[in-house]
**Q** 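If you scroll down you'll find the structure; I have some questions about it.
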Amino acid sequence: MKKDISIHWFRQDLRIDDNPSLNHLSIKGIPVLLIFILDEVNTDRPIGEASKIWLNRALIDLNQQVKGKIMFFKGNPIIIFRNLLSKFNVKNISWNRCYEVWRINRDNDLKKFLTDKVDDVKSFNGSLLWEPWEVLKKDKSPYKVFTPYYQKGCLESKPPRKPITKKIEFFNHNFADYSIENLKLDPKKKWSLNILKEWEFSKNSISKVVENFFEFGIKNYKEGRNFPIKKNVSRLAPYIRWGQVSPHFLWHKCDQYKKKVSEQNLKTFKSQLGWREFSYYLLFHFPKITKKNLHSKFDKFPWISNKKIFNSWSRGLTGYPIVDAGMRELYLTGYMHNRVRMIVGSFLVKNLLHHWKFGENWFWNCLFDADIASNSASWQWVAGTGADAAPYFRIFNPIIQGKKFDPKGKYTKKYIPELRKLHIKYLFNPWDCPEEILQRNGIKLGKNYPFPIVDLKLSREKALSALLTLKEKTKEL
DNA sequence: TTTTGAGTTGTTCGA
DNA sequence: GTCGAACAACTCAAA
C-alpha cells in the first residue's frame with residue numbers, strides 16, 4: 001500500500017530551523033519527505049562554478065543533519081513530482097518561494113499541475129523579510145530609491161516575522177538511487193578544493209560564525225566594515241544566499257544584542273540586510289535587471305570589449321595593487337570584501353570601460369554568495385546604470401581608496417606577495433617608485449608585477465566624456 | 001499642486 | 001595640510 005506523506009522541496013532554504021514550509025508541514029501529522037531538485041532544464045542561467053561547489057557542500061551537510069533522508073533529483077520538477085505522486089500517497093506539498101522570473105513561472109505551472117492531484121500545495125516566504133509586492137509607494141508603484149524603500153516602505157510596515165522552529169518527523173525513503181552524487185556537483189578542479197579552505201559548513205560551525213560576529217565584529221561594524229583587513233564584516237552572505245542562515249534569524253538576533261552593541265552598529269548591519277531585500281525587490285518588479293540596463297539610455301554607452309584587458313582584471317594583473325588584491329582574494333577564497341568589490345567594479349566599468357555584465361558574469365562564477373538579485377543590482381549600481389545609481393562622476397580612485405581603507409597595506413600585501421617589501425608610500429602606485437627602491441625590494445615592473453594597464457587620469461576623463469554623450473533624455477525603467 | 005531638499009559607499013580643484 | 005564646492009539627472013516624500 002502507498003504511504004501517506006507530505007513533501008518539502010528544498011531550494012534556497014537549506015536549513016531545518018526557521019523554515020516556514022517545514023513548519024507548515026509539521027502540523028499535518030504525517031512524515032515529511034525531503035527532496036532537492038537540481039533544475040537545469042527550466043533555468044535561463046545555470047548556477048555559477050563557485051555556487052556549485054558551495055551547494056554541494058551545503059547539501060551534504062544538510063543531508064547529514066537529517067540522517068541521509070533527502071532524495072536528490074536532477075531534471076524537470078514537473079516530471080519528478082509526477083513520478084513521486086505515483087510512488088506515494090502525497091497529501092501535502094510545500095516549498096519556500098524564489099523570485100527569479102523563470103522560477104516564478106515554473107512554480108506557477110507546477111502548482112497548477114499539482115492542485116487537483118494533491119490536497120494541499122502551498123508556498124511560503126522563507127528568505128525575504130518583506131515580500132516585494134507588499135512594499136509599495138502610496139500610488140501603489142514600486143520604490144526606486146533605497147532610502148525611502150527601506151525607511152518608509154520596510155521599517156514602517158509590519159516587522160519581519162520571528163524565527164520559529166517546529167519538531168518534524170522526516171520520512172525515511174530508503175531508496176538507494178537518489179543520492180547527492182547524481183547531481184554531479186562534486187568538484188573536479190583543484191581550484192574548487194582550495195577555495196573551500198576558509199569556510200565552515202556544519203550547523204554548529206555556522207552557528208559559531210554567527211555568534212562570533214555578534215560578539216566581536218558587529219561592535220565596530222559601522223566604521224570597521226569599510227576596512228578589508230579588519231574582522232568587522234559578517235562574511236555571512238553565502239550562508240544567507242543558500243538559506244543556511246535565515247535573514248529573520250539575523251534580524252531578530254540584532255534586537256537581542258541591543259544592550260551589548262550600539263544602536264548605530266546594529267542599524268548599519270540591518271540596513272545591509274535591507275540592501276539584500278532591495279535587490280530582490282528590484283528583481284521582482286524589474287526582472288530585466290539581470291540582463292539589461294535598468295536605465296536604457298546606457299545601452300548607447302560606447303563600451304569596449306577586450307579579452308586581454310578583461311583577463312588582466314579577472315586574474316588580478318591590472319597593475320593597480322588594491323584592484324589586484326581584491327580580484328585575487330575572490331579567486332582564492334570565493335569571497336571579496338565589500339569595499340573592494342566597489343573598487344574593482346568601478347575600475348572595470350569606468351576605467352576599463354567594460355560593460356558591467358562581464359564583471360557580473362565573473363562574480364557569478366567566482367563568488368560563493370553569487371545571487372542573481374544582489375549580483376545584478378549591485379553591478380548596475382556601481383556601473384551607474386541601475387536604480388538609485390551612484391552619480392556618474394563617482395569613479396573610485398584605486399590609489400586613494402587603497403591609502404584610505406588599507407592604510408597599512410596589510411590586505412593588499414596579503415594577496416600581492418610580490419609587493420610585500422614595498423613601502424606603504426608606493427604600495428598603491430608602485431610605478432611612481434624610484435627604480436632603485438623597486439630593485440632593492442625585488443620588484444621589476446613588467447616582470448613580476450605588471451605596469452598599470454591604463455592611465456588613471458586619462459581613463460577617468462574618457463569615462464566622464466563618454467558618460468556626457470548620454471545626455472539625451474530617455475525615460476524608461 | 002508645486003516646490004524643495006535629500007539621496008550607502010567619491011574625486012578633484014582651488015582657496 | 002584642510003575644506004567646500006562642483007561634478008547631472010532623477011526619484012521620492014515632506015513642506
Side-chain angles (χ1 to χ4, degrees), chain A residues 135-157 221-228 230 232-233 237 264-279 281-282 285-286 293-298 300-301 320 322-323 326 336-351 374 377-406 425 428-429 455-477:
Chain A
V135 179
L136 296 168
K137 289 187 290 184
K138 264 190 186 145
D139 66 1
K140 302 288 173 199
S141 65
Y143 288 98
K144 289 167 193 160
V145 175
F146 174 73
T147 305
Y149 159 77
Y150 181 63
Q151 299 292 346
K152 186 108 185 150
C154 296
L155 294 183
E156 289 183 21
S157 71
Y221 186 75
K222 192 171 191 282
E223 291 301 314
R225 71 189 198 89
N226 276 311
F227 296 82
K230 291 190 181 174
N232 292 106
V233 287
Q264 282 232 313
N265 288 316
L266 292 174
K267 238 172 110 178
T268 310
F269 179 66
K270 277 185 169 179
S271 83
Q272 291 308 302
L273 294 174
W275 271 93
R276 175 177 172 275
E277 296 286 316
F278 189 48
S279 298
Y281 183 83
L282 293 173
H285 289 288
F286 310 99
N293 296 319
L294 199 48
H295 287 283
S296 48
K297 70 172 178 189
F298 284 90
K300 288 184 199 146
F301 189 87
Y320 287 92
I322 190 76
V323 174
M336 194 193 310
H337 185 276
N338 176 255
R339 163 63 49 182
V340 194
R341 291 187 196 196
M342 291 189 284
I343 301 171
V344 304
S346 170
F347 191 76
L348 179 71
V349 174
K350 309 234 166 134
N351 294 101
S374 300
S378 303
W379 270 99
Q380 294 228 32
W381 183 87
V382 94
T385 62
D388 203 11
Y392 80 85
F393 48 81
R394 183 179 291 154
I395 298 172
F396 287 69
N397 178 324
I399 303 167
I400 295 175
Q401 289 284 318
K403 288 196 159 113
K404 210 165 163 184
F405 296 110
D406 190 24
K425 190 178 169 194
F428 300 106
N429 50 335
D455 180 276
L456 214 51
K457 210 175 164 198
L458 272 177
S459 61
R460 183 175 196 273
E461 281 162 9
K462 226 167 143 183
L464 286 173
S465 62
L467 284 156
L468 278 173
T469 63
L470 300 175
K471 273 232 169 149
E472 72 269 45
K473 285 176 207 163
T474 35
K475 208 177 173 187
E476 205 210 320
L477 246 181

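Computed from heavy atoms alone, side chains included, the values below leave out hydrogens, waters and symmetry copies.
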**Q** Enter the distance from Gln401(A):CD to Ile343(A):CD1 here, rounded to the nearest 0.5 Å.
**A** 4.5 Å

**Q** Is Phe227(A) close to Asn232(A) at the side-chain level, that is, under 4.5 Å between some pair of heavy atoms?
**A**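 Sidechains of Phe227(A) and Asn232(A): no contact.
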
**Q** Sticking with atom P, work out how far dA6(C) lies from dG5(B), rounded to a whole angstrom.
**A** 15 Å

**Q** Quick one: His295(A) NE2 to dC10(C) P, roughly how many Å, whole number?
**A** 9 Å

**Q** Reckon Lys137(A) touches a base, only the sugar-phosphate, or nothing at all at heavy-atom distances under 4.0 Å?
**A**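 Sugar-phosphate, backbone atoms only, no base.
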
**Q** Test your reading of the model: is there a side-chain donor-acceptor pair from Tyr281(A) to the backbone of Tyr149(A), 3.5 Å cut-off?
**A** no

**Q** Taking atom NZ of Lys230(A) as the centre, report whether more than 12 heavy atoms of other residues, nucleotides or ligands fall under 6.0 Å from it.
**A**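 Atom NZ in Lys230(A) is crowded, with more than 12 foreign heavy atoms closer than 6.0 Å.
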
**Q** Tell me whether the side-chain N/O atoms of Gln401(A) come closer than 4.0 Å to OP1 or OP2 in dT11(B).
**A** yes

**Q** Taking atom P of dT11(B) as reference, at what distance in whole Å does atom CG of Leu467(A) sit?
**A**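 That distance rounds to 16 Å.
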
**Q** Taking the P atom of each, how far is dA5(C) from dA6(B), in whole Å?
**A**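 Comparing P positions in dA5(C) and dA6(B) gives a spacing of 13 Å.
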
**Q** Determine the contact category for Leu464(A): base if any of its heavy atoms lies under 4.0 Å from a base atom, sugar-phosphate if only primed atoms, P, OP1 or OP2 are that close, otherwise nothing.
**A**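 It contacts nothing in the nucleic acid.
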
**Q** In this structure, how many angstroms lie between the P atom of dT9(B) and the CD1 atom of Ile343(A), rounded?
**A**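 Whole-Å distance recorded here is 15 Å.
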
**Q** Using a 4.5 Å cut-off on heavy atoms from C-beta on, say whether the side chain of Trp381(A) contacts that of Met342(A).
**A**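 Of all side-chain heavy-atom pairs linking Trp381(A) with Met342(A), at least one is under 4.5 Å.
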
**Q** In the structure shown, which nucleotide is the Watson-Crick or G-U wobble counterpart of dG4(C), with both distances under 3.5 Å?
**A**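 Paired with dG4(C), as far as the under-3.5 Å criterion goes, is dC13(B).
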
**Q** Give Tyr149(A) one of three labels, base, sugar-phosphate or nothing, depending on what nucleic acid heavy atoms sit under 4.0 Å from its own.
**A** nothing

**Q** Ignoring the backbone of Asn397(A), work out which of dA13(C), dA9(C), dT11(B) is nearest its side chain.
**A** dT11(B)

**Q** Could you give the NZ-to-P distance, from Lys222(A) to dT9(B), as a whole number of Å?
**A**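 So the NZ-P distance, Lys222(A) to dT9(B), works out to 11 Å.
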
**Q** May I ask you to decide if the ring planes of Phe269(A) and Tyr221(A) are parallel, tilted or perpendicular, using 30° and 60° as cut-offs?
**A** perpendicular

**Q** With a 4.0 Å cut-off on heavy atoms, is Pro142(A) in touch with a base, just the backbone sugar-phosphate, or nothing at all?
**A**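 Result for Pro142(A) = sugar-phosphate.
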
**Q** Would you call Phe396(A) and Val344(A) a side-chain contact if the rule is heavy atoms closer than 4.5 Å?
**A**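 In short, these two side chains do not touch, never coming nearer than 4.5 Å.
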
**Q** Within this structure, what is the CG-to-P distance between Asn293(A) and dC10(C), rounded to whole angstrom?
**A** 15 Å

**Q** Measuring only the P atom in each nucleotide, how far is dT2(B) from dA8(C)? A whole number of Å is fine.
**A**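 The answer is 28 Å between these two P atoms.
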
**Q** Is there a donor-acceptor pair under 3.5 Å between the side chain of His337(A) and the backbone N or O of Asn226(A)?
**A** no

**Q** Can you measure Lys144(A) atom NZ to dA13(C) atom C1' for me and round it to whole angstrom units?
**A** 14 Å

**Q** Whether Lys297(A) contacts dC10(C) is assessed here as follows: a side-chain N or O lying under 4.0 Å from the phosphate OP1 or OP2. Is that the case?
**A**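 It does not, given that no N or O in the side chain of Lys297(A) lies less than 4.0 Å from OP1 or OP2 of dC10(C).
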
**Q** So which protein N/O to nucleotides 5-7 of chain B N/O distances come out below 3.5 Å?
**A**
from   : atom 1 : to        : atom 2 : distance (Å)
dG7(B) : O3'    : Thr147(A) : OG1    : 3.2

**Q** Mind checking Arg225(A) for me? I need base, sugar-phosphate or nothing, with any heavy atom below 4.0 Å counting as a touch.
**A**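 Since a base atom lies under 4.0 Å of Arg225(A), the category is base.
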
**Q** If you only use heavy atoms from C-beta on, which nucleotide in dT9(B), dT11(C), dT12(B) is closest to the side chain of Ile400(A)?
**A**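 Nearest to the side-chain atoms of Ile400(A), counting from C-beta on, is dT12(B).
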
**Q** Tyr392(A) side chain: which of dT9(B), dC7(C), dT11(C) is closest?
**A** dC7(C)

**Q** To the nearest Å, how far apart are Asn351(A) CG and dG10(B) P?
**A**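 Whole-Å distance recorded here is 15 Å.
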
**Q** For dT11(C), which nucleotide is its Watson-Crick or G-U wobble mate, given both distances must be under 3.5 Å?
**A**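 Across all strands, the one nucleotide that pairs with dT11(C) is dA6(B).
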
**Q** Would you mind reading off the distance between Arg394(A) atom CZ and dT12(B) atom C1', rounded to a whole angstrom?
**A** 15 Å

**Q** Using only side-chain N and O atoms of Arg460(A), determine if any of them is under 4.0 Å from OP1 or OP2 of dT11(B).
**A** no

**Q** Would one find more than 12 heavy atoms of other residues, nucleotides or ligands at under 6.0 Å from atom NZ of Lys462(A)?
**A** no

